[in-house]
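Structure first, commentary second.
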Amino acid sequence: MNKKPHPRSEPHPHPESLPLPESLPLPEHRPLPQPQARPIRLGPRSLAALLLVSLVGLAALTWPFFSGPTSQVSAHAKDAPWLFAGLLVLLVGVVGATISESGLGPKAVAMLGVLAATGAALRPIGAGTAGIEPMFFLMVLSGRVLGPGFGFVLGAVTMFASALLTGGVGPWMPFQMLSMGWFTMGAGLLPGPDRLRGRGELSMLALYGFVAAFAYGTFMNLAGWPFMDALSSNVAFDPHDDVDANLARFVAYCLATSLGWDLGRAVVTVVLTLTLGATVLKALRRATRRAAFETSVTFEEPRDAAPVTPSGRTP
């Protein structure tokens, strides 16, 4: 009588010999994105200078909300030009300290010049048309790729070059440079600079550009609002009124004078970021990798080179 072998007695095939089903593709091993090189790394002196100028700038912008009717601060409102001049000197000091401490190389200087010239050339495109300011879109993407240190310097230099190009030099220019430096630096401080890519990154940059465009307009309103004649408008700063009343005046001033302009700037920044952002980010990252800012250039003599005599002949 023939006995059937027990199922457990049959040999099992080795797992490696089993064929893989065609419906299950092998997992792809994609290389992780490499950390981007930063042309400017903020050191202790640069951070201290940046913090100092930011504090002075915030104090110069928000002083109407900290001075009551009996405060002596309002009595010195006519000294604003001297404050602007001092702020401009501090801005130049920040740029100088950043460059001297970080060792800004010729490649970073070249990229700074190209981006600043491009941003300054884009600003006059919307002259006379509310909200069409494409330079803000370029500043957001540049700050994202090149970092907060390069972003602050780029924003300040771009606004300075733009003021010279358009003839917009005046007591408001230091505040424009400071606000644009904050605007571009903030993009470099957003999370995930080396890992976040694709639509998520573009959506984050578009949201930041929308909010920061209104913040920039608010800062610039603060720069000129305290020096309006209170007798000529009911939304001007009144040094004899309390803080709450002046805050309500300022909100009314923003709604009546700059809301349309700020909204247009924010919408244009969002549209350009979502439509052209992927291409510009790719180009900026490729240029950053090829520049290799953090790689020092050295010159070494070839080992196989024959020595040369003073007469210019090899022995």
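Starting from 1, each residue takes its place in the sequence as its number. Atom set for the values below is all heavy atoms of this structure, side chains included, hydrogens, waters and symmetry mates excluded.
Ser162 and Arg123 make their closest contact through OG-CD, 2.7 Å (heavy atoms, listed as atom of the first residue, atom of the second, distance). Nearest heavy atoms, Met139 versus Thr184: O-CG2, 3.2 Å. Of all heavy-atom pairs between Val270 and Ala206, the closest is CG2-O, 3.4 Å. Considering every non-hydrogen atom in both Leu141 and Gly277, the closest pair reads CD1-CA, 3.8 Å. Nearest heavy-atom pair across Leu222 and Thr62 is CD1-CG2, 4.3 Å. Phe175 approaches Gly57 most closely through the heavy-atom pair CE2-O, 4.1 Å.
When the side-chain hydrogen bond (donor to acceptor under 3.5 Å, both in side chains) test is applied to Gln176, no partner is found at least two apart in sequence or on another chain. Every residue was checked against the ring pair (Phe, Tyr, Trp, His ring centres under 6.0 Å) condition with Phe137, not counting sequence neighbours, and none meets it. Under the ring pair (Phe, Tyr, Trp, His ring centres under 6.0 Å) criterion, Phe219 pairs with Trp182, not counting sequence neighbours.
Between Ser142 and Leu284 there is a side-chain heavy-atom pair separated by less than 4.5 Å. Side-chain contact between Arg197 and Lys282 is absent, with no heavy-atom pair separated by less than 4.5 Å. Using a 4.5 Å cut-off on side-chain heavy atoms (C-beta onward), Leu205 and Leu281 make contact. Looking only at side-chain heavy atoms (C-beta outward), Asn246 and Phe250 stay at 4.5 Å or farther from each other.
From Glu133, atom CD reaches atom CG of Leu272 across 12.0 Å, with rounding to the nearest 0.5 Å. Of the inter-residue distances, the one linking Asn234 atom CG with Arg249 atom CZ reads 7.0 Å to the nearest 0.5 angstrom. Atom OG1 of Thr269 and atom CG of Leu138 lie 11.0 Å apart (nearest 0.5 Å). To the nearest 0.5 Å, the span separating CG on Leu146 from CE on Met111 amounts to 6.0 Å.
Within the hydrophobic cluster formed by Ile, Leu, Val, Met, Phe, Trp and Tyr side chains joined at under 4.5 Å, directly or through other members, Leu51 is accompanied by Leu55.
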Would Met135 and Thr118 satisfy side-chain contact (heavy atoms from CB on, under 4.5 Å), going step by step from the backbone distance to the final call? CA-CA 8 Å; Met135 69 171 294; Thr118 305; over 6 Å; no
Is there a side-chain contact (heavy atoms from CB on, under 4.5 Å) between Cys254 and Leu259 once you walk through the steps? CA-CA 6 Å; Cys254 292; Leu259 177 62; over 6 Å; no
Criterion salt bridge (charged side-chain N to carboxylate O under 4.0 Å, His left out) on Glu201 and Arg285, from CA distance to verdict: CA-CA 14 Å; Glu201 183 181 30; Arg285 286 182 171 126; 2.5 Å; yes
Pair Leu115, Thr158 - check side-chain contact (heavy atoms from CB on, under 4.5 Å), show working. CA-CA 8 Å; Leu115 292 176; Thr158 302; 6.0 Å; no
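In the hydrophobic clustering of ILVMFWY residues, with side-chain heavy atoms under 4.5 Å counting as a link, Leu58 and Val53 come out together. Hydrophobic cluster membership differs between Phe160 and Val114, with clusters built from Ile, Leu, Val, Met, Phe, Trp and Tyr side chains linked at under 4.5 angstrom.
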Just list the side-chain donor-acceptor pairs under 3.5 Å for residues 150-157, sequence neighbours left out, or say none.
none

Which pairs would a plain distance check flag for residues 208-215, meaning a side-chain donor or acceptor within less than 3.5 Å of a matching protein atom at least two apart in sequence or in another chain?
unit_1, atom_1, unit_2, atom_2, d
Tyr208, OH, Phe183, O, 2.5
Tyr208, OH, Ala187, N, 3.3

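Geometrically, Arg265 engages Phe136 in a cation-pi contact, judged by NZ or CZ lying under 6.0 Å from the ring centre and within 45° of the ring axis.
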